[in-house]
Amino acid sequence: MRLSNLFFTTLRDDPADAEMPSHRLLLRAGYVRQLGAGIYSLLPLGFRVSKRVEQVIREELNAIGGQEMEMPVVHPADLWRESGRYFKIGPEMARFKDRADRDMVLAMTHEEVVADLLRDIVRSYRQLPFIIYHFQTKFRDEPRSRGGLIRVREFVMKDSYSCDRDEAGLDAAYWAHHRAYTRIFERLGLKAIPVSSDVGMMGGSLAHEFMFLHPAGEDVLVLCEKCDYAANRQIAPLTVAAPEAEDPLPMEEVHTPETTTIDALATFMGIPTSKTAKAVFMVTGDGRFVVAIVRGDFELNETKLTNAIKATGGMRPAQLDEILARGMQAGYGSPIGARDSVVVVDSLVAKSPNLVAGANKPGYHLKNTNVGRDYTPDVVADIANVREGDACPNCGSRVILRNGIEIGNIFKLGTDFTVPLGAEYLGEDGERHPIVMGSYGIGLGRNVACIVEAHHDEKGLVWPAEVAPYPAHLVAIGANKDPRVTEVAEQLYAAAAACGDASQVLYDDRNESPGVKFTDAELLGMPWILTVSSRSLAAGGVEVTERATGARSIQSIEQVTAFLEGRAATPA
RNA sequence: CGGGGCGUGGCGCAGCUUGGUAGCGCGCAUCGUUCGGGACGAUGAGGUCGGAGGUUCAAAUCCUCUCGCCCCGACCA
């Protein structure tokens, strides 16, 4: 491809809106353009990267027996009513009516469509198992998109679905995906850590997320310093030992002015935060008011809380008036005196004697509160966040916390969709059984962005060869001074073009100064920069620069030609 | 949804406080010179100042409403 003809432009200045390197560089180098919040166009260069990522995924999924197909983006709402998700999912699902006034939705994912196809097509156990997948657009109206391409509302995802006779089959398909994902991320140049994760709105019994470590990641991972334990903090169990038993002391109200935070309270009382109980007021999506009690030295884990009380529709912090309406007091909140509420107490609180809790009265706390004696929780469960340095649930060593970006996930769905939709097969035993499903996703754009996060420098993009839009960037310098430069450059370009894909090389044939061409070549980030100039010709051929290392050498025209024709792995 | 910020030519920005003919850098076009690290000169094109309403003799500037985008949080896979 000649740069003089490529649909792109590079920007000298950083766009004001772009903060993350991936966002900034992909905009500046002319790979993508933003259309709206969380909605992007892929320009030809960006599209080629995306297609190459797609190809890596395709190859590895085909290798585990995946069959590629395509499912629609627009679905009848009835299908989502059948699974129940039409009612469970909030405004993040786009809903509209067609001209005949039928309710329609934009696909957020495709479990329903798969289950619908299964009930239509699968009759016998002989047709199982199989894995189907597609690359398709999803729309999720996230309340907030951020970080450029990392978190968008419209995106292409590879989603695959395993369909099995039983749990054992699902298990095999699940781990086959696990292995395929490991190979995919390796090939993409992404260090991906598989972590155990919450099953979330997908339901199911087992799930892993493949995480790319990044400070801007929205998930917190719990990683063991010693062993290979790795989990999303949303589900990492708390392993903190119960404090030593104490005799319960009489409960006592104390005046504690202006101590609306745990820190202020602990300082005022002269006690460690671990001797306090913190009340967090939440409202569930299904309308319940929750008083969650964790120890003062811990934070509430909303995912654990959600699971502990089987809340649907998520959870939000309660508003002040909602708290007051139930006779409780923000800043001095307490389970004692809670009414019209679900009281959920963290397991560790239940084992910690004589804690200082709020009195539900401004300026007052209660000393020596004890679960069971002073109040009776509706639920006792592990609802607190693991902290850095806590003990690993696996080996007991210290855990560390890191932020991560989810670049892929695998879920054991089981029969969560096939039962409600009636996707069954007739087994060898002559009985009807629901098909057992798994669901596995990888977001293309997010992976592209993470590849950039992992592979760039101050000059620009540095694509791994596996996903680079072109293997090489050919730069002609001083073409109007020395006709041989044009001659050789054109000859190299023709050699690349002649071997099938006319796009083996990006050829900067523009009438630009050397500085512009070099700067753009580095910004665009092809793995090899091939410079033809009077100087290189005098030295015996083409100057070959490896983008990643900056290593330069002069190579013969024959050698470079062999590379461009695919006969040599590298030009140097 | 809460908090904060920003909308002025393709990109980055000034002008707004104190109303008075819309500016700068880069980019773009043409010509010439240049050609191994974002060249130089000359000439030129390009903007309903996000939108609507209002105040005023006069609005980019003041007021009201509204739309959009970014960041933090809530939220979400």
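This is a predicted model, so every value here is computed, not measured. Heavy atoms only: backbone and side chains are in, while hydrogens, waters and symmetry mates are out. Below, chain A is the first sequence line, B the second, and so on; all start at residue 1.
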Lys412(A) to Tyr174(A), cation-pi by 6.0 Å centre distance and 45° axis angle: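 Because its charged atom sits under 6.0 Å from the ring centre and within 45° of the axis, Lys412(A) does stack over Tyr174(A).
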Cationic tip of Arg81(A) within the cone over Tyr86(A)'s six-membered ring, i.e. under 6.0 Å and within 45° of the normal?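 The answer is yes, since Arg81(A) meets both limits relative to Tyr86(A).
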Under 4.0 Å from OP1 or OP2 of C11(B): is there any side-chain N or O of Arg12(A) that close?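 False: Arg12(A) side-chain N/O out of range (4.0 Å or more) of C11(B) OP1/OP2.
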Report yes if a side-chain nitrogen or oxygen of Ser513(A) is closer than 4.0 Å to either non-bridging phosphate oxygen (OP1 or OP2) of A39(B); otherwise report no.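 Checking Ser513(A) against A39(B): at least one side-chain N or O falls below 4.0 Å of OP1 or OP2.
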Considering residues, nucleotides and ligands other than Arg58(A), do more than 12 of their heavy atoms fall under 6.0 Å from its CZ? yes
Does Phe96(A) have more than 12 heavy atoms from other residues, nucleotides or ligands lying within 6.0 Å of its CZ?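 More than 12 within 6.0 Å, yes.
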Quickly work out the [X] [atom1] to [N] [atom2] distance and round it to whole Å.
X         : N      : atom1 : atom2 : value
Arg510(A) : C28(B) : CZ    : P     : 9 Å
Ile39(A)  : G68(B) : CD1   : C1'   : 12 Å
Arg535(A) : C35(B) : CZ    : C1'   : 12 Å
Leu35(A)  : C69(B) : CG    : C1'   : 12 Å
Arg316(A) : A74(B) : CZ    : C1'   : 11 Å
Leu43(A)  : C11(B) : CG    : P     : 14 Å
Met20(A)  : C71(B) : CE    : P     : 10 Å
Arg151(A) : C69(B) : CZ    : P     : 16 Å

Hey, does [X] reach any base, or is it just sugar-phosphate, or nothing, if we go heavy atoms under 4.0 Å?
X        : answer
Asp14(A) : sugar-phosphate
Glu19(A) : sugar-phosphate
Gly36(A) : sugar-phosphate

Is the distance between the ring centroids of [X] and [Y] less than 6.0 Å?
X         : Y         : value
Tyr161(A) : Tyr440(A) : no
His208(A) : Phe411(A) : no
Trp463(A) : Tyr31(A)  : yes

Partner nucleotide of [N] by Watson-Crick or wobble geometry (both distances under 3.5 Å):
N      : value
C26(B) : G10(B)
U61(B) : none
U56(B) : none
G73(B) : C1(B)
U21(B) : none
G38(B) : none
G46(B) : none

What nucleotide among [options] has an atom nearest to a side-chain atom of [X]?
X         : options                : answer
Glu302(A) : A74(B), C35(B), G38(B) : A74(B)
Asp13(A)  : A39(B), C69(B), G25(B) : G25(B)
Glu92(A)  : G38(B), C76(B), G36(B) : C76(B)
Val516(A) : A39(B), C26(B), G36(B) : A39(B)
Gln34(A)  : G12(B), G38(B), C69(B) : C69(B)
Glu142(A) : G12(B), C76(B), G38(B) : C76(B)
Pro514(A) : C35(B), C69(B), C11(B) : C35(B)

Closer than 3.5 angstrom, by distance alone: can the side chain of [X] be matched with the main-chain N or O of [Y] as a donor-acceptor pair?
X         : Y         : answer
Tyr133(A) : Ser162(A) : no
Lys304(A) : Ala384(A) : yes
Arg140(A) : Arg153(A) : no
Thr549(A) : Ala551(A) : yes

Considering heavy-atom distances to RNA chain B, does Met211(A) or Glu522(A) have its closest nucleotide positioned more toward the 5' end? Glu522(A)
First of Pro317(A) and Asp219(A) reached from the 5' end of RNA chain B, by closest nucleotide: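 Its nearest nucleotide being more 5', the pick is Pro317(A).
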Rounded to whole angstrom, note down the [atom1] distance from [N] over to [M].
N      : M      : atom1 : result
U43(B) : U55(B) : P     : 45 Å
G15(B) : G9(B)  : P     : 15 Å
U64(B) : C71(B) : C1'   : 27 Å
A58(B) : U21(B) : P     : 15 Å
C28(B) : G38(B) : C1'   : 16 Å
C62(B) : U17(B) : C1'   : 11 Å
C16(B) : C63(B) : C1'   : 14 Å
U18(B) : U8(B)  : P     : 24 Å

Members of residues 536-553 of chain A that approach RNA chain B, where some heavy atom sits under 4.0 Å away: Ser536(A), Glu543(A), Arg552(A)
So which of residues 476-483 of chain A are in contact with RNA chain B, with a heavy-atom cut-off of under 4.0 Å?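 Here the set is Ile477(A), Gly478(A), Asn480(A), Lys481(A).
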Check: Glu70(A)/His134(A) side-chain N/O donor and acceptor closer than 3.5 Å: no
SB check Arg535(A) Glu543(A) (cutoff 4.0 Å): no
